[in-house]
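Everything on this sheet refers to the single structure shown next.
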2 protein chains.
Amino acid sequence: MAKAKRARIQDVAEKAGVSTMTVSRVMSKDTKVSAAKTALVMEAVKALNYRPNVAARRLAGSQSFLIGLLYFDLDTSYVSKFLLRGLKSCRATGHHLVADEVDDDIEKSIVAVKDLIEVTQVDGIILLPPVCDIPEVLTALKEANIPFVRIAPDSQLNLSPYICMDDYQAGFDITELLIKQGHSKIGHIIGNPNQGASRLRYQGYLDALRSNQINVPPAYIEQGMFTYNSGLDAAKKMLALKDKPTAIFAANDEMAAAVISAAHMNQLMVPEQLSVAGFDDGHLATTVTPHLTTIRQPIQEMAALAIELLASKKFADASKVNSREFRHVLDFEIVERDSSQVI
Amino acid sequence: MAKAKRARIQDVAEKAGVSTMTVSRVMSKDTKVSAAKTALVMEAVKALNYRPNVAARRLAGSQSFLIGLLYFDLDTSYVSKFLLRGLKSCRATGHHLVADEVDDDIEKSIVAVKDLIEVTQVDGIILLPPVCDIPEVLTALKEANIPFVRIAPDSQLNLSPYICMDDYQAGFDITELLIKQGHSKIGHIIGNPNQGASRLRYQGYLDALRSNQINVPPAYIEQGMFTYNSGLDAAKKMLALKDKPTAIFAANDEMAAAVISAAHMNQLMVPEQLSVAGFDDGHLATTVTPHLTTIRQPIQEMAALAIELLASKKFADASKVNSREFRHVLDFEIVERDSSQVI
DNA sequence: AAATAAAATGATATCGCTAACAATCCTTGT
DNA sequence: ACAAGGATTGTTAGCGATATCATTTTATTT
């Protein structure tokens with residue numbers, strides 16, 4: 001059988017009995033087209049399995065169908081998960097993802113941003129934490145007047161649309177889970193202060209304790225950096241206390257994994273002698289033994305939504321950006337596994 | 001200052017005093033252009049900071065500037081590392097990466113492949129292990145006559161260009177490192193048999209033992225699946241032996257991490273009582289305690305090279321594909337850290 | 001119902017590049 | 001030295017969509 005050539009906009013126009021412009025308008029959902037013609041066009045599109053040629057659209061139009069993604073630390077499952085899902089979503093809308101790493105050097109970061117905008121000519125940019133809170137980057141973005149979405153931002157919440165989850169509530173809930181399991185000596189390892197989520201999770205922890213009339217000594221609270229090693233140091237200190245906690249909530253899985261290691265080094269059984277809770281539910285959560293009780297972050301959903309927002313043309317008018325519509329708080333989920341238990 | 005518009009091919013042509021076609025030819029390194037004109041053009045390109053408009057190239061030409069990437073398991077640092085680096089390389093050549101997951105369902109995989117070729121119209125495809133050894137996928141690719149590069153393939157090595165490292169030698173070397181450290185009771189956890197690398201690493205291990213006149217009981221060799229849990233099971237069995245090994249070489253870091261956990265459960269100190277070696281040198285290698293002695297896989301280099309090969313037009317003629325030129329064995333590196341030591 | 005405004009639709013030029021072919025310019029062999 | 005033949009360079013015509021503006025249709029006002 002002869003391979004059917006891919007349908008062009010003209011084929012659709014002919015089949016539907018309208019002009020190519022009408023088809024174009026229907027495809028980009030932009031301008032108003034009468035319901036009747038829209039239906040005709042949609043029918044033809046379906047019949048011919050038409051999908052616009054992205055290259056042609058890019059050449060002719062003002063969109064580039066490119067979305068930039070700025071991340072900080074490559075080596076987190078957070079980034080790769082986001083990326084994979086983002087890539088998939090992009091495929092559906094005909095967009096492409098251009099990922100770029102930003103480092104500690106602010107100057108270079110600004111250059112990277114400008115390059116994305118001017119050379120690569122992206123239609124929009126996604127900022128992952130903690131990049132989403134670097135003031136200079138935000139300023140550059142604003143000046144360029146380019147649409148951008150931030151993921152879990154911590155500051156200047158009115159500056160742009162953003163997507164996040166309720167880190168405070170999650171911190172609260174998982175702490176309360178430990179309390180319900182009979183724990184009152186609950187320690188916490190705070191996440192990297194360069195991310196707002198750390199503060200929120202910590203606050204949730206504190207408030208859960210307070211609302212259950214539980215007091216803990218200051219030594220039950222340690223500062224971590226979201227890395228395994230920082231978690232290990234924190235856990236060692238905490239487990240060296242005469243009056244050890246019976247449960248530790250770490251602000252991410254990686255530090256929680258470190259807590260388990262530290263417990264083992266101290267001949268403590270998890271969860272029998274020490275309950276551990278993490279945060280993220282990444283690969284690591286089921287990689288360590290025992291599997292982690294943790295919070296599932298909706299990373300994939302965030303990625304999909306971010307692409308969707310940027311791909312929709314709602315952003316074209318940058319002034320609408322502050323509207324309620326552009327603040328998205330996605331649901332999280334408590335995942336109860338084997339690293340915590342009733343005492 | 002007024003922002004300079006991006007230079008077009010015509011601008012370059014005028015500046016260099018040649019026709020646009022000559023510029024086009026220089027840019028795509030395709031046909032022969034005299035050295036004199038090439039120099040002229042290059043000069044103009046540099047002066048104007050010209051970079052071809054990818055959308056226009058795609059529309060006019062026969063290339064799509066899209067490269068497909070087929071992977072199996074998302075959740076490995078292998079895939080995400082490859083992906084990130086691939087994305088970066090693509091940016092340099094103006095290509096884009098379209099990633100697609102393939103699962104156990106062969107039927108669906110074939111559809112995914114055909115879709116990549118026919119709908120997305122990629123110029124070439126990269127196959128990560130173990131996808132690179134699924135016969136049906138290979139057949140589909142061959143039939144479509146589309147260029148593809150395989151990473152660490154295990155079978156039909158003449159079928160396509162490929163990139164790999166010497167897994168056998170790496171297995172040999174790291175085993176010999178343990179031997180040099182005074183170990184003779186060395187266990188091995190074999191990797192997932194769906195990947196050829198597992199067999200090669202295993203064989204390297206065996207041959208290193210043999211060439212040092214070392215015999216080990218069969219119980220020192222366990223089958224793993226590259227997952228943490230499989231490694232844990234294997235390690236538990238091995239450490240339950242009356243005559244335990246003093247060193248274990250696991251075929252990847254994830255299983256090596258599991259070995260460390262198992263050791264801790266058995267109150268064994270690493271590396272004092274048990275040396276552990278892994279393979280990959282991913283994030284995990286420095287995430288566990290103690291840090292892993294392991295083999296650094298040149299994943300990033302593999303990604304860069306794969307993109308480079310596919311982006312070059314050398315593949316246009318699919319018949320040249322078998323030449324020596326298209327077999328690349330990259331260097332690995334032994335990384336000696338704290339999980340192994342002299343006894 | 002006529003005049004006017006507003007909305008929907010269509011015609012055409014063009015985006016920046018390369019394919020395909022035409023027109024040159026050198027080589028050579030004799 | 002001249003023609004044949006190969007290598008290099010140029011000309012022209014789209015690729016498939018959208019922007020822009022012109023035109024037609026429909027709604028609104030008086």
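To find a chain, count down the sequence lines: A is the first, B the second, and so on, and within it residues start at 1.
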Can you measure B/K37 atom NZ to D/dA7 atom P for me and round it to whole angstrom units? 18 Å
Look at the side chain of B/R58 against the base of C/dG16 and say whether a donor-acceptor pair falls under 3.5 Å; ignore hydrogens and angles. no
Please state how far atom CZ in B/R8 lies from atom P in C/dT18, giving the value in whole angstrom units. 14 Å
Whichever of A/T22 and B/A7 has the more 5' nearest nucleotide on DNA chain C, that residue is A/T22
Output the rounded distance in Å from CD (B/Q63) to C1' (C/dG16). 15 Å
Using whole Å, what does the distance between atom C1' of nucleotide D/dG16 and atom CZ of A/F65 come to? 12 Å
Starting at CZ of A/R25 and ending at P of C/dA8, how long is that distance when rounded to a whole Å? 10 Å
Given that A/M21 and B/A55 both sit by DNA chain C, which one's nearest nucleotide is further toward the 5' end? A/M21
What's the spacing between A/F82 CZ and B/S80 OG if we round to 0.5 Å? 15.0 Å
Take atom CD1 of A/I9 and atom P of C/dT9, then tell me their distance rounded to the nearest Å. 15 Å
Mind calculating the distance between CG (A/D11) and C1' (D/dG16) to the nearest angstrom? 10 Å
Could you tell me how far apart A/L59 (CG) and D/dG14 (C1') are, to the nearest whole angstrom? 12 Å
